[in-house]
Amino acid sequence: MSWFFISVFFVFLFCSCSNSSTTDSLDVFTRDVALKTLAQHRPHTGAAYKVLLSANLSGMEVFVEGIRSRRLWNRGAEKLGCFYIPSRTKPMPHVKRLALVYQDLGNLSSQFYRLPGYSFLTSVVGFLVYDATHTSSKSARMVGLNTMGKSILIQFPNLTSEERLNSKAKCASFAASGTVYLSDMISPGICNTTDHGHFSIVVPVKKKPLILRYSWVVAIVLGVLAAILGCYLGMVCMRHRKRKKFQDMEEQADDDSVLENRWVRGSKMPSGGVIRTQPVSENGFQHLASPDHFI
């Protein structure tokens with residue numbers, strides 16, 4: 001068993017991490033325009049040509065290189081974007097000429113490929129191999145590669161030193177079926193494979209604590225409770241002020257009252273003083289009644 005299979009562990013993620021129909025359509029489109037570009041330039045073996053894309057794919061780069069099977073076997077393909085194909089590699093099945101199509105999805109990576117729980121450290125890059133014996137896209141079938149046990153290296157550029165040395169970073173290989181394989185980097189910023197496909201470097205997304213993930217719900221609940229408590233305290237204060245005002249009015253009315261107040265069987269009632277008017281005679285003298293007067 002080669003060192004490649006010893007050093008790499010694969011984690012199978014059977015999920016709809018990418019829309020396979022969309023990515024297949026993208027591969028077919030880039031194949032067609034790449035082969036047309038190759039036919040227009042009458043290419044020399046080993047020369048790479050940039051493919052012009054439509055405006056809706058701005059941010060994505062595609063290159064195509066025509067190479068003979070004999071040259072691939074003798075020299076490999078050393079500079080196909082960030083891919084390094086070793087010598088002693090042959091196409092399966094055998095064809096005379098190959099078209100190597102290199103893709104760099106750039107800022108469109110997350111639109112075509114998704115990996116739940118992970119974020120992309122690099123853009124998704126890929127290379128596909130087609131039969132270029134005839135440059136017509138109708139007869140351009142995809143072929144595989146047999147590296148005779150050697151690895152195809154993928155060296156990702158534009159990685160910071162911290163990202164290269166991140167122990168949690170993983171190589172992600174996106175299969176045509178939608179399955180994603182995760183493996184360790186063989187060196188900082190370098191992944192490997194044995195066949196064509198699409199690749200990236202990913203890191204796990206930090207999961208927020210449950211209380212932080214639902215902080216907006218907690219904030220809304222606390223806000224509602226605070227509003228209810230505020231309304232309740234406001235009503236209590238208003239009732240207290242009205243009661244106090246009413247008591248003050250009662251006390252003021254008691255102070256201004258001419259009549260005395262008496263309590264009768266638990267009720268407070270006004271009561272006037274007993275004052276009897278004494279009789280006065282016609283000559284102005286006060287008549288003093290005797291006890292016998294009323295007899």
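Being a predicted model, the structure only gives us computed values, none of them experimental. Side chains included, hydrogens not; waters and symmetry mates left out as well; all remaining heavy atoms used.
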Next item on the list: Evaluate side-chain contact (heavy atoms from CB on, under 4.5 Å) for V202 paired with L182, printing each intermediate quantity in order.
Entry: CA-CA 9 Å; V202 297; L182 296 181; 4.0 Å; yes
Measure the spacing between [atom1] of [X] and [atom2] of [Y] and express it to the nearest 0.5 Å.
X: H198; Y: S173; atom1: NE2; atom2: OG; result: 10.0 Å
X: L105; Y: M60; atom1: CG; atom2: CE; result: 4.5 Å
X: R75; Y: R70; atom1: CZ; atom2: CZ; result: 10.5 Å
X: I152; Y: K150; atom1: CD1; atom2: NZ; result: 12.0 Å
X: Q40; Y: L52; atom1: CD; atom2: CG; result: 8.5 Å
X: N192; Y: S187; atom1: CG; atom2: OG; result: 9.0 Å

Margin query: Does F120 form a side-chain contact (heavy atoms from CB on, under 4.5 Å) with I201? I'd like the steps, not just the answer.
Written below: CA-CA 6 Å; F120 291 107; I201 294 180; over 6 Å; no
Checklist line | L229 CG: over 12 foreign heavy atoms closer than 6.0 Å | finding: yes
Heavy-atom check, side chain of [X] versus side chain of [Y], under 4.5 Å:
X: E65; Y: Y102; answer: no
X: D184; Y: I186; answer: no
X: K170; Y: P204; answer: no
X: M148; Y: N146; answer: yes
X: V101; Y: L35; answer: no
X: R68; Y: K96; answer: no
X: V62; Y: V33; answer: no
X: I190; Y: I154; answer: no

What closest approach, in Å, do [X] and [Y] show between heavy atoms, and which atom pair accounts for it?
X: Y181; Y: A175; result: CE1-CB, 3.8 Å
X: L98; Y: P91; result: CD2-CB, 3.9 Å
X: S87; Y: N74; result: CB-O, 3.5 Å
X: Y118; Y: V205; result: C-CG2, 3.5 Å
X: F29; Y: S54; result: CZ-OG, 4.3 Å
X: N166; Y: M185; result: O-CE, 4.3 Å

Look at the side chain of [X] and the backbone N and O of [Y], then say whether any donor-acceptor pair between them is shorter than 3.5 Å.
X: S109; Y: V124; value: yes
X: H196; Y: M142; value: no
X: T37; Y: V51; value: no
X: T193; Y: D195; value: yes
X: E163; Y: T160; value: yes
X: R164; Y: L159; value: yes

Item checked: Name of the residue among V64, I85, L128 meeting side-chain contact (heavy atoms from CB on, under 4.5 Å) with L100 -> I85
Note to self: Would you say T122 and S200 are linked by a side-chain donor-acceptor pair, where the criterion is simply a distance under 3.5 Å?
What the structure shows: yes
Check: Can you list every disulfide bond (SG atoms under 2.5 Å apart) pair that touches residues 64-134, not counting sequence neighbours?
Finding: none
Next item on the list: Among residues two or more places apart or on two chains, list those pairs meeting disulfide bond (SG atoms under 2.5 Å apart) that have a residue in residues 153-201.
Entry: C171-C191
Margin query: Going by ring pair (Phe, Tyr, Trp, His ring centres under 6.0 Å), name the residues that satisfy it together with Y130, two or more places apart in sequence or in a different chain.
Written below: none
Check: Looking at the rings of F127 and F83, which for Trp means the six-membered one, are their centres under 6.0 Å apart?
Finding: yes
Next item on the list: Go through the steps for D27 and Q103 under the test side-chain contact (heavy atoms from CB on, under 4.5 Å), then give the verdict.
Entry: CA-CA 9 Å; D27 292 341; Q103 302 173 346; 3.3 Å; yes
